[in-house]
Number of protein chains: 2
Amino acid sequence: MATIKQVAKRANVSVATVSRVMNKNGYVSAEAREAVEQAIADLNYAPNRVARSLFTKTSGLIGLIMPDITNPFFPQLARAIEDVANQHGYQVVLCNTDEQLEKEQGYLVALQTMHVDGLIITTNHSDNPNYEKLDLPMVALDRIVKSGIDAVISDGYEGGRLAADTLIASGATRLAHIAGPEQLQTVKRRTEGFVDVAGDRLIGMTHSNFTFKEALTAAQTLFDAHWPFDGLFAANDVIAAAVLQEAVRRHVRVPEDLQVIGYDGIELGEMTSPPLTTIAQPIYEMGRLATERLIDLIEKRDTETKEMLLPVTLTERQTTRGKGSGR
Amino acid sequence: MATIKQVAKRANVSVATVSRVMNKNGYVSAEAREAVEQAIADLNYAPNRVARSLFTKTSGLIGLIMPDITNPFFPQLARAIEDVANQHGYQVVLCNTDEQLEKEQGYLVALQTMHVDGLIITTNHSDNPNYEKLDLPMVALDRIVKSGIDAVISDGYEGGRLAADTLIASGATRLAHIAGPEQLQTVKRRTEGFVDVAGDRLIGMTHSNFTFKEALTAAQTLFDAHWPFDGLFAANDVIAAAVLQEAVRRHVRVPEDLQVIGYDGIELGEMTSPPLTTIAQPIYEMGRLATERLIDLIEKRDTETKEMLLPVTLTERQTTRGKGSGR
DNA sequence: GCTTGATATGTAACCGGTTACACATTATGA
DNA sequence: TCATAATGTGTAACCGGTTACATATCAAGC
């Protein structure tokens with residue numbers, strides 16, 4: 001790797017001049033510029049970002065803190081984030097915390113000592129005090145933070161309502177629900193919206209985390225305790241997929257006997273049999289927005305937004321019967 | 001953030017001494033060590049990794065180059081890689097190339113200028129000349145590279161054979177296959193193994209890439225052109241899921257009328273209805289191995305392995321009928 | 001008592017950039 | 001014509017670590 005000194009020597013100028021043409025600032029004569037550009041081309045020079053970092057105290061790195069990239073909701077988010085970051089010349093450092101505070105703490109010091117320029121936090125654990133004292137640009141994604149940290153989330157409450165409305169509109173009268181982990185604010189709202197609209201049509205409910213295995217157990221519990229019901233809303237698509245599988249096993253026909261709606265809009269929903277009707281969050285969009293917001297923060301373009309609540313939409317596939325069909 | 005100078009001043013020693021206690025090398029008296037440790041604790045000092053990088057020319061960063069984290073095969077790999085990296089004090093930088101050479105090239109210079117210590121390449125595109133002239137420790141994962149680059153792959157050929165054996169053993173006589181993208185060596189081998197064992201029992205075959213949408217089209221094509229068949233091997237689990245969905249739509253019963261086997265062993269296979277029988281690669285293990293190998297390379301512990309071929313196993317779920325059942 | 005090696009510590013150069021500052025030189029305008 | 005501003009370029013300090021080297025002390029060995 002060539003250094004700036006070598007370039008300077010070859011172009012017969014000082015390192016300052018080379019730096020000036022690289023960064024397009026300061027005065028540089030046409031001849032000098034040309035000589036430098038030639039030398040850069042000849043030597044295939046690319047400035048050492050570590051050296052630059054040391055002086056400028058910026059690294060071009062964004063830390064991405066998520067619970068587990070293996071959870072199918074996160075890859076799309078990660079992809080969106082990485083895309084936007086890359087478009088703006090940033091790289092992203094991936095961190096899986098498993099929601100463990102110590103791991104999170106470890107990543108935080110690592111990221112800080114390597115001078116990441118900002119953080120995107122998709123950890124759902126509420127109120128980690130680590131963040132607030134961090135003094136780094138950051139935005140929370142699919143997560144709510146108490147203090148004044150920017151957040152991008154989807155409208156879970158409306159999503160829950162929409163799920164109930166949809167089920168009811170297509171004839172469901174006995175509703176069931178599998179809620180997500182209780183400590184997740186954003187997920188709780190889905191349940192609240194659903195419950196509010198369902199009213200006393202809600203005849204059964206249980207909880208599950210977001211692993212397929214546990215969701216399957218929850219589905220079984222629900223069927224055992226509350227069957228029959230004709231409309232079910234799951235707190236996310238993984239849980240919905242588990243319900244679908246359990247329904248097949250019990251020879252419950254979907255959507256004829258039971259309509260199912262998930263939440264998230266991940267690709268998994270297209271792959272189930274039948275394909276899953278779901279409340280879709282604009283996942284990629286959320287990642288994009290969060291990252292653009294973060295980069296604005298990093299580069300001090302202070303748009304004053306504080307919390308972005310994105311609308312969800314109904315993606316109607318084949319686990320619901322469509323409006324009016326049941327009336 | 002405190003600097004080494006501040007620590008030195010507070011401990012009444014020179015920066016060299018502080019550096020010595022941080023790195024546990026050179027001679028340091030017990031008193032000096034204690035004073036320094038106290039100062040470090042007082043100031044909450046953590047060394048600036050950028051500064052250290054500049055001198056040592058190591059960054060503690062590993063570049064992870066993959067086609068698309070959104071493809072459900074990759075998150076588990078990424079997770080394994082990140083886990084192992086983290087255990088050894090490395091961070092990982094995520095890059096999605098979409099198999100585009102220019103994007104790849106862009107990432108490569110970015111990663112190089114930030115002095116990543118090594119690369120893990122899961123891009124399936126063969127023979128990118130960019131890598132060979134790179135002079136960085138690297139290992140290919142699920143990918144075969146011509147030159148002397150280490151590789152970790154699973155035994156696709158045996159996997160293909162195993163799929164055929166399994167299908168035949170449980171009574172299938174008319175076999176079909178959906179192969180993956182032609183340019184992927186590792187995927188091609190699956191087809192070769194399957195074809196070799198199937199012999200003239202193979203009555204129909206088509207191709208697809210790894211998107212669900214295209215897989216669905218391929219499945220339709222296959223059904224239209226070659227139905228009936230009673231055993232199908234798909235080049236990966238996403239394609240198998242598409243086949244399952246298409247089978248449901250055509251009222252083909254799985255596994256009674258048609259047995260299906262996928263390849264990969266991703267979690268998706270548990271979530272389909274019925275759950276998918278598949279040839280499982282040890283995905284996490286592959287990621288772990290590749291990363292450990294890379295770190296050995298980086299830290300100059302030269303274990304001479306060159307290509308690691310991992311065995312695959314049959315994960316029998318409910319899209320096959322089990323041995324002997326069809327006889 | 002003197003040599004020698006182990007122990008202990010500080011000074012300063014170095015890594016490869018950026019930029020403040022000094023010092024030209026060349027317009028520009030009154 | 002001369003003051004002033006705009007333009008062009010180099011030197012050296014600086015970012016925060018690491019480490020070669022110089023120097024000093026002390027104990028062991030003869």
Side-chain angles (χ1 to χ4, degrees), chain A residues 1-40 43-61 89 109-117 299, chain B residues 1-40 43-61 89 109-117 299:
Chain A
M1 286 262 78
T3 70
I4 198 174
K5 242 176 241 168
Q6 293 167 20
V7 173
K9 179 181 279 183
R10 188 173 237 270
N12 275 313
V13 297
S14 73
V15 294
T17 301
V18 177
S19 181
R20 286 187 193 106
V21 342
M22 292 296 304
N23 300 306
K24 305 187 200 309
N25 59 21
Y27 295 112
V28 181
S29 66
E31 310 91 80
R33 163 166 293 111
E34 250 169 72
V36 169
E37 274 162 359
Q38 187 60 51
I40 287 173
L43 297 175
N44 202 254
Y45 170 71
N48 182 328
R49 281 172 63 176
V50 176
R52 171 177 275 165
S53 269
L54 182 55
F55 189 89
T56 61
K57 292 175 181 334
T58 70
S59 59
L61 254 24
V109 326
L111 293 174
Q112 218 178 2
T113 60
M114 67 204 287
H115 281 273
V116 296
D117 294 337
E299 298 176 358
Chain B
M1 286 261 79
T3 72
I4 197 173
K5 240 177 243 169
Q6 293 167 19
V7 174
K9 178 181 279 183
R10 187 172 238 269
N12 275 314
V13 297
S14 72
V15 293
T17 301
V18 177
S19 181
R20 285 188 193 103
V21 340
M22 291 297 303
N23 300 303
K24 304 187 201 307
N25 59 23
Y27 295 111
V28 180
S29 67
E31 310 91 79
R33 162 166 296 111
E34 251 169 70
V36 169
E37 275 162 359
Q38 187 59 52
I40 287 173
L43 298 176
N44 202 256
Y45 170 71
N48 181 328
R49 280 172 63 175
V50 176
R52 173 179 273 167
S53 269
L54 182 56
F55 189 89
T56 62
K57 293 176 181 330
T58 70
S59 58
L61 254 23
V109 326
L111 293 173
Q112 219 178 2
T113 60
M114 68 205 288
H115 281 272
V116 296
D117 294 337
E299 299 177 356

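Side chains are part of it too, since the values below use all heavy atoms of this structure and drop only hydrogens, waters and symmetry mates. Every chain is numbered from 1, with letters handed out A, B, ... down the list of sequences.
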Quickly work out the A:Asn23 CG to C:dG16 C1' distance and round it to whole Å. 13 Å
Rounding to a whole Å, what distance do you find between B:Asn25:CG and D:dT19:P? 6 Å
Which is true for B:Ala2 with a 4.0 Å heavy-atom rule: it touches a base, it touches only sugar-phosphate, or it touches nothing? sugar-phosphate
Round to a whole Å and report the spacing from NZ of A:Lys9 to C1' of C:dG16. 15 Å
If you measure from CG on A:Leu61 to CE on A:Met114, what distance do you get to the nearest 0.5 Å? 5.0 Å
Would you say CD of B:Glu299 has more than 12 non-hydrogen atoms from neighbouring residues, nucleotides or ligands within 6.0 angstrom? yes
Could you give the CE-to-C1' distance, from A:Met114 to D:dG17, as a whole number of Å? 16 Å
Looking at D:dC15, I'd like to know if its phosphate oxygens (OP1 or OP2) sit under 4.0 Å from a side-chain N or O belonging to B:Asn48. no
Taken in chain and number order and not counting sequence neighbours, the residues that satisfy salt bridge (Lys or Arg N to Asp or Glu O under 4.0 Å) with B:Arg20 are none
Under 4.0 Å between a side-chain N/O of A:Ser19 and OP1 or OP2 of C:dT18, yes or no? yes
Between atom CD in B:Gln6 and atom C1' in D:dC15, what is the gap in whole Å? 13 Å
May I have the distance from A:Met1 (atom CE) to C:dC15 (atom C1'), rounded to whole angstrom? 15 Å
Quick check: closest heavy atoms across B:Asn48 and A:Leu54, and the distance to 0.1 Å? ND2-CD1, 4.4 Å
A:Leu43 has an atom CG; how far is it from atom P of C:dG16, in whole Å? 14 Å
Taking D:dT18, C:dT18, C:dG16 as options, the one with an atom nearest any side-chain atom of A:Ala51 is C:dG16
Do any side-chain atoms of residues 23-30 of chain A form donor-acceptor pairs under 3.5 angstrom with protein atoms, and if so which ones, sequence neighbours left out?
from, atom 1, to, atom 2, distance (Å)
A:Asn23, OD1, A:Arg52, NH2, 3.0
A:Asn23, ND2, A:Ser19, O, 3.0
A:Asn23, ND2, A:Ser19, OG, 3.3
A:Ser29, OG, A:Ala32, N, 3.2

Check A:His115 against A:Lys57 and note the closest heavy-atom contact, atom names and distance. ND1-O, 4.5 Å
Mark yes or no for whether B:Ser53, through its side chain, and B:Thr58, through its backbone, hold a donor-acceptor pair below 3.5 Å. yes
Rounding to an integer number of Å, can you tell me how far B:Leu54 CG sits from C:dG16 C1'? 5 Å
Under 3.5 Å, N/O pairs linking protein and nucleotides 9-13 of chain D:
from, atom 1, to, atom 2, distance (Å)
D:dT9, OP1, A:Ser29, OG, 2.8
D:dT9, OP2, A:Ser29, N, 2.7
D:dT9, OP2, A:Ser29, OG, 2.9
D:dG10, OP2, A:Ser14, N, 2.8
D:dG10, OP2, A:Ser14, OG, 3.0
D:dG10, OP2, A:Thr17, OG1, 2.9
D:dG10, O6, A:Arg20, NH2, 2.6

So, OP1 or OP2 of C:dG16: does either fall under 4.0 Å of a side-chain N or O from B:Lys57? yes
